[in-house]
Amino acid sequence: MLVEQHLSQSIKSAVTSLYGVNIEDKQIQIQKTKREFEGDFTLVVFPLLKISKKKPEDTANEIGEYLKSNLPAIQSFNIVKGFLNISLNHSFWSNVLNTIAQTVDYGFAKPNSSGKTKMVEFSSPNTNKPLHLGHIRNNLLGFSVARLLEANGHGAVKVNLVNDRGIHICKSMVAWKKFGKGETPETNNLKGDHLVGHYYVLFEKEYRKQVEELKLQGLSEEEAKVKAPIILEAQEMLRKWEAKDSDVYSLWETMNQWVYDGFDVTYKEMGVEFDKIYYESQTYLLGREIVNDGLKKGIFHRKTDGSVWVDLTDDGLDEKLLLRADGTSVYMTQDIGTASQRFSEYQLDDHIYIVGNEQEYHFKVLKLILSKLGYSWANHLYHLSYGMVQLPEGKMKSREGKVVDADDLMEEMVATAYDMSKEFGKLNDANEDEAASIVKMVGLGALKYFILKVDPKKNMTFNPKESIDFNGNTGPFIQYTHARIQSVLRKANESNIPVPQTLSSSLSMEGKERELVKLLSMFTSYVEQAGEQLSPALIANYVYDLAKEYNQFYHDFSILKEPNEAIRDLRLILSRETGNIIRLAMWLLGIDVPSRM
RNA sequence: GGCCCCGUAGUUCAAUGGAUAGAAUAGCGGUUUCCUAAACCGUAGAUCCAAGUUCGAUUCUUGGCGGGGCUACCA
């Protein structure tokens, strides 16, 4: 943040003054000095050698001398090979800590201070079954990315595109009519999405059975799959839906509503929300006009059967269908339409899609088509692609295709948190409501942190047991650190020890204290970086480092029993600010932090 | 077959082309007159292979090997 920028500017002018050359920011590489070496920040001088035309050591020395005589904040410097290690003085670090203390409470950039609006589409479930583990990664990423954007001063619009129409929901409807006996979420005391999902499973079961029967009668697999009566029923139902048959339509509305009610519960439990929900039944016709326009302009072409295609072979891709022979649209057509609609409706600067990596090709094609159509915003679509999440046991028997239900998993996490708290004898003096709320924060925090800390594009294994461990790189460990900080502050308050707003004198900060200030000072630069890269993982790994650093600091020093008041004040401020920043960082990840646990 | 992504300690994850590749966990050995032992300290252990680019490569390029995905008039 400020510290690095400040240094970076000074180094720029050093180079200009020493070698008479203006350099770009890229050429200045400043990093936090590694622990083994003395210093706070390190300049890598190798990139500057071409300009100085001198040996690494000499170049580093010249820059070091220049900085020392021109920047009062510089205490000393040392050189190891091509690395210039710079130490900043005590009063500088006191100022940094004071700045943090004054600004951190205000949080982040003002909303919309950048003047940019960015849409984040995430979740996008089908309405024929409940959310599963993959949706959890999707939802958490989307929600956190939106917060990162807000923290950087952008307007973030969170939207969900619900796939509420198509053959899949008709399958559930057919099965419900066939086997349902009028069951509802109320009669079965079951979440609506689970009930509808149950019928989807029943449909698939019956479908497989009928296919087997037909095969016994001598039909081939392909024939049987097309001729099974139940699939014909589902297709008939889809046709009736498209013709707005009133019976079918109202059943469709009823069952979808069950599902939405169920989804709402899941989203609420997960702590995610949307600014707007789009429904495919209302958007699936969009895009056709644009395609027809493109056809007139010769960007697309029509085949003899009447279907419309785009030829992307010059761009190293395939031909892609845009309108079927019967004139109906496909997924791509709809995405062209909705993107166009959204950009004009919201005056968007960027549109981020949180979608699994199996659709990378789709989004590549979408962007390409849109830029062929001449939309200037085509380059402002981002596909944040993420990999699969597995459970440890899923690795063994991945054949099954068994899905992990989101509701079940969250419930299990909270239950585990409860058991562990009990086992450790915690929460004994909390009342039931408090305990329930803390246990929920811990259980879900474990899940969220474990998933978010991993680079999105990688496939990952979610290990529930490991995630909820109170040791290690886990959510609960960070939450625990925060809780302990709050405990220190509470005790200070009880003993009438005030925590000062700012540090009055410039104390010498060494070792752990100094490391902690350094880490704290880097928070905003991590938020910026994470915002640019749409990477919650960056924040997660940062906040873990911070929590670990505080733990060691905490262990090494008596905070409240420190006889020297000035030093005690310093440590109290450090504790408070660490707590504040942990809370802010966890907020960015969508993770709640209890003040005791 | 073509295209895309991934490959790092036993395991789960890090590392804008930078210093001796970091953590955590599991293992082994320690620490309790201490504000939360749900802690802390020590120890051992890894870049899939081969070439290339350069002051320097886990990172970039090429070729292998291994894992996953896409390659529907499905959504």
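Chain A is the first sequence line, chain B the second, and so forth, proteins listed ahead of strands; every chain is numbered from 1. Only this structure's heavy atoms are used, side chains among them; waters, hydrogens and symmetry mates stay out.
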Participant: Between B/A14 and A/Lys458, is there an OP1 or OP2 to side-chain N/O distance shorter than 4.0 Å?
Facilitator: yes

Participant: If each of A/Phe462 and A/Ile485 is mapped to the nucleotide of RNA chain B with the nearest heavy atom, which maps nearer the 5' terminus, i.e. the 5' end?
Facilitator: A/Phe462

Participant: Which nucleotide in the list B/C35, B/C13, B/A75 gets nearest to the side chain of A/Asn163?
Facilitator: B/A75

Participant: Within the structure shown, what part of the strands sits under 4.0 Å from A/Ser467 by heavy-atom distance: base, sugar-phosphate, or nothing?
Facilitator: nothing

Participant: Centres of the A/Phe77 and A/Phe41 rings: under 6.0 Å?
Facilitator: no

Participant: Rounded to the nearest Å, what distance is computed from the CG atom of residue A/Leu312 to the C1' atom of nucleotide B/C3?
Facilitator: 13 Å

Participant: Scan residues 487-495 of chain A against RNA chain B and write down, sorted by residue number, each residue with any heavy atom closer than 4.0 Å; if none is found, say none.
Facilitator: A/Ser487, A/Lys491

Participant: Between A/Gln552 and B/C41, is there a contact of a side-chain N or O with OP1 or OP2 at under 4.0 Å?
Facilitator: yes

Participant: With a cut-off of under 6.0 Å to the ring centre and 45° to the axis, is A/Arg137 in cation-pi contact with A/Tyr386?
Facilitator: no

Participant: Pick the nucleotide of RNA chain B nearest each of A/Gln529 and A/Asp318; which residue has the one closer to the 5' end?
Facilitator: A/Gln529

Participant: Which part of the nucleic acid does A/Asn541 contact within heavy-atom distance under 4.0 Å: base, sugar-phosphate only, or nothing?
Facilitator: nothing

Participant: Between A/Glu319 and A/Lys303, is there a salt bridge with N-O shorter than 4.0 Å?
Facilitator: yes

Participant: Mind checking if A/Val44 touches a base, just sugar-phosphate, or nothing, with heavy atoms under 4.0 Å?
Facilitator: base

Participant: If you draw the axis of the six-membered ring of A/Tyr284, does the NZ or CZ of A/Arg165 fall within 45° of it and under 6.0 Å from the ring centre?
Facilitator: yes

Participant: Would you say A/Tyr544 stacks on B/A23, if stacking means ring centres under 5.5 Å apart and planes within less than 30 degrees?
Facilitator: no

Participant: Give me the ring orientation class for A/Phe462 and A/Phe450: parallel if the planes are under 30° apart, tilted from 30 to 60°, perpendicular past 60°.
Facilitator: perpendicular

Participant: On the side chain of A/Thr474, is there an atom forming a donor-acceptor pair with the base of B/A24 - under 3.5 Å, no angle test?
Facilitator: no

Participant: Rounded to whole Å, how long is the line connecting atom CD of A/Gln29 with atom P of B/G56?
Facilitator: 16 Å

Participant: Would A/Phe553 and A/Tyr550 count as a ring-ring contact (aromatic ring centres under 6.0 Å, His included) here? Give the steps.
Facilitator: CA-CA 5 Å; A/Phe553 160 86; A/Tyr550 183 83; 5.4 Å; yes

Participant: Answer yes or no for this row: A/Phe46 ring on B/G56 base, centroids under 5.5 Å, planes under 30°.
Facilitator: no

Participant: So, OP1 or OP2 of B/C40: does either fall under 4.0 Å of a side-chain N or O from A/Arg484?
Facilitator: no

Participant: So what does A/Ala537 touch, heavy atoms closer than 4.0 Å: a base, only the sugar-phosphate, or nothing?
Facilitator: nothing

Participant: Taking the six-membered ring of A/Phe363, is NZ or CZ of A/Lys367 closer than 6.0 Å to its centre and within 45° of its axis?
Facilitator: no

Participant: When you check the phosphate oxygens OP1 and OP2 of B/C6, does a side-chain N or O of A/Lys457 lie under 4.0 Å from one of them?
Facilitator: yes

Participant: To check you understand the geometry: which heavy-atom pair defines the closest contact between A/Ala417 and A/Val442, and what is its length?
Facilitator: CB-CG1, 4.0 Å

Participant: Hey, does A/Tyr386 reach any base, or is it just sugar-phosphate, or nothing, if we go heavy atoms under 4.0 Å?
Facilitator: nothing

Participant: Counting any heavy atom closer than 4.0 Å, what does A/Asp455 reach on the DNA or RNA strands: base, sugar-phosphate only, or nothing?
Facilitator: sugar-phosphate

Participant: When the P atoms of B/G30 and B/A14 are compared, how many Å lie between them, rounded to an integer?
Facilitator: 34 Å

Participant: Nearest to the side chain of A/Tyr554, which nucleotide is it out of B/U36, B/A19, B/A75?
Facilitator: B/U36

